[in-house]
Amino acid sequence: MQFVLTDWMPNNQIFCCSSFYMLVKCLLYLKVLYGYQEGLLLLLDVGPSMHGVLPQVEKLCSMLVQKKLIYGKNDEVGIVLFGTEDTRNELSTQLGGYENIVVLRDIKVVDGDLIENLTRIPRGTVAGDFLDAIVVGMDMLIKKYGETNKGKKRMCLITNALCPIKDSDAGTKEDQVGLIAMRMSALGMKMENIVVRGSLSGNANQRIMDENDLLLDLFSKKSSVKTIYVDSPTALLGAIKTRNISPVTIFRGDLEISPNMKIKVWVYKKTAEEKFPTLKKYSDKAPPTDKFATHEVKVDYEYKSVEDTSKVVPPEQRIKGYRYGPHVVPISSAEWEAVKFKPEKSVKLLGFTDASNILRHYYMKDVNVLIAEPGKPGAMIAVSALARAMKEMNKVAILRCVWRQGQQSVVVGVMTPNVSEKDNIPDSFFFNVLPFAEDVREFQFPSFSNFPVSWQPNEQQQEAADNLVKMLDLAPSGKGETLQPEFTPNPVLERFFHHLELKSKHPDAPVPPLDGTLKKITEPDLELLAENKSIVDAFRRQFELKENPKLKKSTRRLLREKPSGSDERNGDDNVSDALAINSIESKPVTKVEKIGDLTPIQDFEAMMSRRDSPDWVSKAIEDMKRKIFNLVENSNNGDDYSKAVELFVALRKGCILEQVSLSLSPGFPFATDNCAFVVNFSPSAKLGKLLCLDIQLSINFRKFFLVQEPKQFNEFLSRICKFCQEQNLGSFCDLLASKELSLVTKSEAIDSDVTDDEARSFFVKREPKYED
């Protein structure tokens with residue numbers, strides 16, 4: 001491509017503005033066209049020993065091209081097959097040799113035809129030589145790009161490396177690998193070697209395998225080559241890097257160990273979550289004949305005055321407003337800038353701690369890698385010395401980081417040493433963000449000690465459960481880790497890209513089923529279950545599986561659904577079922593001792609369900625009453641009324657349920673003035689019927705022991721309504737009336753003295769009487 005600029009000035013030193021603009025456009029075009037383009041060459045072994053793996057190789061390469069059609073549509077891809085019966089490549093034609101190697105596709109821009117080629121890879125009939133294939137691939141890349149495009153030329157070799165390599169007349173095989181690796185480094189070529197082994201490789205000559213592994217290891221040591229060994233179809237699908245993302249530093253500056261000691265470092269992102277591609281709106285309004293139509297949809301917003309909807313408010317007359325309760329507070333951009341927190345760009349050491357103090361589940365967000373600044377030998381020595389000392393002492397560092405100047409957020413994280421095992425890779429650090437106190441969520445789970453003895457597992461059940469959990473370990477001792485993150489593709493994303501590729505050819509194509517290999521990621525491993533059938537059967541024998549019958553509605557649901565003042569009664573059978581459900585629901589998750597501000601309703605219910613002391617019920621009711629009263633009294637124009645009503649609903653429900661469910665433990669001692677006895681409940685007994693007590697004694701026991709919670713609620717409701725009338729807060733009473741939150745009646749709780757008519761007329765406004 002050639003660009004000609006004609007508007008030069010006579011002195012040939014400067015040029016006019018139009019020519020400068022034209023030059024800039026040309027440079028930008030060239031940058032877009034060539035600056036981010038990658039040239040990828042797939043070197044595929046199709047010999048007889050690879051026939052069983054080639055279906056997975058076809059899927060892998062198709063997945064790669066599908067993503068390139070979205071993320072790298074300017075990238076170029078070629079395909080070279082080795083182990084074929086035929087020979088078709090330029091090196092063989094020009095120099096001879098390099099047999100059984102076929103160039104299936106020259107290096108061209110990715111398109112839909114490439115996927116078709118990859119879904120029908122021809123099978124070879126002879127053993128393949130991967131060294132010859134690498135030389136043919138290098139020749140193709142050199143002829144295509146020359147010495148330019150350094151770092152953007154990549155080869156991907158997929159083989160099982162089970163076939164012998166031909167001897168060379170120019171020296172040993174190791175010498176040949178050294179020359180190839182040196183040439184690759186000089187031209188800025190990269191290569192990935194994916195070696196299929198394990199159950200996928202079948203029977204092989206161990207001597208040949210060891211020799212080939214040694215040659216591949218020499219590539220890794222002498223050039224930018226990465227060798228990966230996979231032993232399952234799932235790992236093969238995740239082995240190749242389907243997206244080529246150029247690393248970008250998020251920080252360049254000093255690692256401040258102390259005011260007098262600083263190390264020049266660069267920080268890169270090491271991992272990032274792979275998300276769905278950003279979907280944009282598409283417009284079909286452009287004429288079909290317009291080849292330059294972008295079909296993009298642009299959205300513009302207009303702000304109009306409330307008083308005059310036809311008047312558009314310009315940007316200089318607009319200001320952002322933020323809600324504060326019922327009010328909207330305007331804050332200008334100048335005010336924001338004045339109060340904005342503007343920390344200085346820095347990475348500072350706060351201190352060191354034992355590695356055991358920082359647990360793995362504390363890590364947040366993505367992982368960053370911290371390296372010494374390239375070209376600074378002193379920084380590399382300092383980083384290596386610090387990393388090795390921390391590794392030896394089992395320490396980690398706590399850092400305070402502000403990645404960019406003017407960044408408002410400050411992160412605190414842990415820096416972990418990463419000591420390299422290879423001589424050509426320097427030591428570095430991994431950085432993980434740690435949570436602040438506000439980010440930590442403690443989830444409390446009930447202990448078995450809170451349940452009855454009959455519900456607690458015995459030793460045999462505990463052992464069966466332990467064995468089942470150990471069986472499901474993804475990294476058992478003596479075996480490799482299953483579903484390694486770096487080799488496990490996201491089945492949802494892969495299915496999405498496959499569907500997208502089908503829709504590009506057939507717009508009405510349905511969503512394809514999940515691939516069989518990807519399905520192994522989402523479903524239980526059948527081989528693992530078959531190998532551990534005895535453990536699964538032992539677990540099944542220890543825990544009896546019963547059908548959970550549908551019970552009738554519990555009193556908790558009935559009381560929630562039944563409006564205040566309703567005359568509907570529940571049958572005795574429903575009450576017994578309700579008690580069984582309530583006994584389960586009343587088990588405390590955590591032993592809450594006071595009602596907090598964050599989850600007051602949950603705290604109230606937890607305190608009401610405690611049975612280790614009868615004082616908790618009274619304390620819960622008093623705390624809730626105090627909480628409601630404070631909300632009503634301190635409310636600003638009623639902004640807290642809705643929350644107070646929610647607490648009122650919980651208080652009313654709790655008082656009714658506490659009065660209905662006599663949750664006394666079996667064997668509870670009780671004494672009166674005349675006698676002493678032990679109260680025992682029978683599971684089949686009806687509500688209020690106690691063994692060894694007659695009905696009259698049951699009523700006397702009830703009046704003697706139980707606190708009359710409904711009466712407490714009614715008295716509190718009357719008191720708060722009187723307070724609202726005195727303080728001119730009648731709107732809160734009106735809100736209670738609209739929610740039908742009236743007094744607790746006898747039909748809801750037998751301890752109440754309020755009739756249904758009294759409850760209905762509680763909020764009725766009385767007309768003032770005037771004297772003549």
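- Taking 4.0 Å as the cut-off between side-chain N and carboxylate O, Glu296 and Lys281 do not count as a salt-bridged pair.
- Here the closest non-hydrogen pair linking Ile101 and Val136 is CD1-CG2, 3.9 Å.
- Ion pair Lys270/Asp366 not flagged as a salt bridge, since none of the NZ, NE, NH1 or NH2 atoms sits closer than 4.0 Å to an Asp/Glu carboxylate oxygen.
- Because its NZ or CZ atom is not both nearer than 6.0 Å to the ring centre of Tyr145 and within 45° of the ring axis, Lys152 does not count as a cation-pi partner of that residue.
- Using cut-offs of 30° and 60° for the angle between ring planes, the His295 and Tyr282 rings count as parallel.
- Summarising the local packing, CE of Met364 is surrounded by more than 12 heavy atoms from other residues, nucleotides or ligands at distances under 6.0 Å.
- A donor-acceptor pair shorter than 3.5 Å can be found between the side chains of Gln407 and Ser409.
- The closest side-chain heavy-atom distance from Met415 to Phe352 is not below 4.5 Å.
- Sorted by first and then second residue, the pairs that involve residues 331-343 and meet salt bridge (Lys or Arg N to Asp or Glu O under 4.0 Å), not counting sequence neighbours, are Glu337-Lys340, Glu337-Lys342.
- Side-chain contact between Ile319 and Ile331: absent, with no pair of heavy atoms (C-beta onward) separated by less than 4.5 Å.
- For the side-chain contact (heavy atoms from CB on, under 4.5 Å) criterion with Phe82, the lone passing option out of Asn89, Leu131, Leu157 is Leu157.
- Residues Val265 and Phe429 are not in side-chain contact: their nearest non-hydrogen atoms beyond the backbone lie 4.5 Å or more apart.
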Next on the checklist: The test is side chain to side chain contact (heavy atoms under 4.5 Å, CB included); show your working for Met140 and Val103 and say whether it passes.
Outcome noted: CA-CA 10 Å; Met140 293 177 62; Val103 177; 3.7 Å; yes
Item to check | Residues Asn394, Asp354; criterion side chain to side chain contact (heavy atoms under 4.5 Å, CB included); working and verdict | outcome: CA-CA 6 Å; Asn394 195 29; Asp354 290 334; 5.6 Å; no
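- Annotation: side chain of Phe431 is in contact with side chain of Val433 (closest heavy-atom distance under 4.5 Å).
- A salt bridge links Lys68 with Asp75: at least one charged nitrogen is closer than 4.0 Å to a carboxylate oxygen.
- Looking at heavy atoms from C-beta onward, Lys262 lies out of side-chain contact with Ile257 at the 4.5 angstrom threshold.
- Taking every heavy atom of both residues into account, Lys275 and Tyr71 meet most closely at O-OH, 3.7 Å.
- Closest approach of Asn212 and Ala161 over heavy atoms only: ND2-O, 2.9 Å.
- Taking 4.5 Å as the limit, some side-chain heavy atom of Tyr268 sits within range of a side-chain heavy atom of Thr249.
- Legend: salt bridge (Lys or Arg N to Asp or Glu O under 4.0 Å) pairs involving residues 430-440, not counting sequence neighbours: none detected.
- The pair Lys264-Asp254 meets the salt-bridge criterion, since a charged nitrogen lies less than 4.0 angstrom from a carboxylate oxygen.
- A salt bridge between Asp111 and Lys73 is absent, with no side-chain N of the basic residue lying under 4.0 Å from a carboxylate O of the acidic one.
- Ser185 and Ser223 form no side-chain donor-acceptor contact under 3.5 Å, judged by distance and modelled atom types alone.
- The shortest distance between side-chain heavy atoms of Phe436 and Val412 falls below 4.5 Å.
- Using a 4.0 Å cut-off between a side-chain N of Lys or Arg and a carboxylate O of Asp or Glu, Lys67 and Glu494 qualify as a salt bridge.
- Heavy-atom minimum distance, Pro489 versus Phe487: CD-O, 3.6 Å.
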Next on the checklist: Please determine whether salt bridge (Lys or Arg N to Asp or Glu O under 4.0 Å) holds for the pair Lys143 and Glu90, giving the CA-CA distance in whole Å, both sets of side-chain angles, and the decisive distance to 0.1 Å.
Outcome noted: CA-CA 11 Å; Lys143 290 177 179 177; Glu90 289 189 10; 2.9 Å; yes
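- Minimum heavy-atom separation, Asp45 to Leu54: O-CD2, 3.6 Å.
- Contact check on Glu192 versus Arg154 returns a salt bridge, with a Lys/Arg side-chain nitrogen under 4.0 Å from an Asp/Glu carboxylate oxygen.
- When side chains are defined from C-beta on, Thr234 does not count as touching Thr482, because their heavy atoms never get closer than 4.5 Å.
- A salt bridge links Asp217 to Lys221: at least one charged side-chain nitrogen sits closer than 4.0 Å to a carboxylate oxygen.
- A donor-acceptor contact closer than 3.5 angstrom is absent between the side chains of Ser346 and Glu256.
- Nearest heavy-atom pair, Arg388 versus Val419, reported as atom, atom and distance to 0.1 Å: NH1-CG1, 3.5 Å.
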Next on the checklist: Under the criterion side chain to side chain contact (heavy atoms under 4.5 Å, CB included), I'd like the reasoning laid out for Val369 against Val367: C-alpha separation, chi angles, the key distance, then a yes or no.
Outcome noted: CA-CA 7 Å; Val369 59; Val367 184; over 6 Å; no
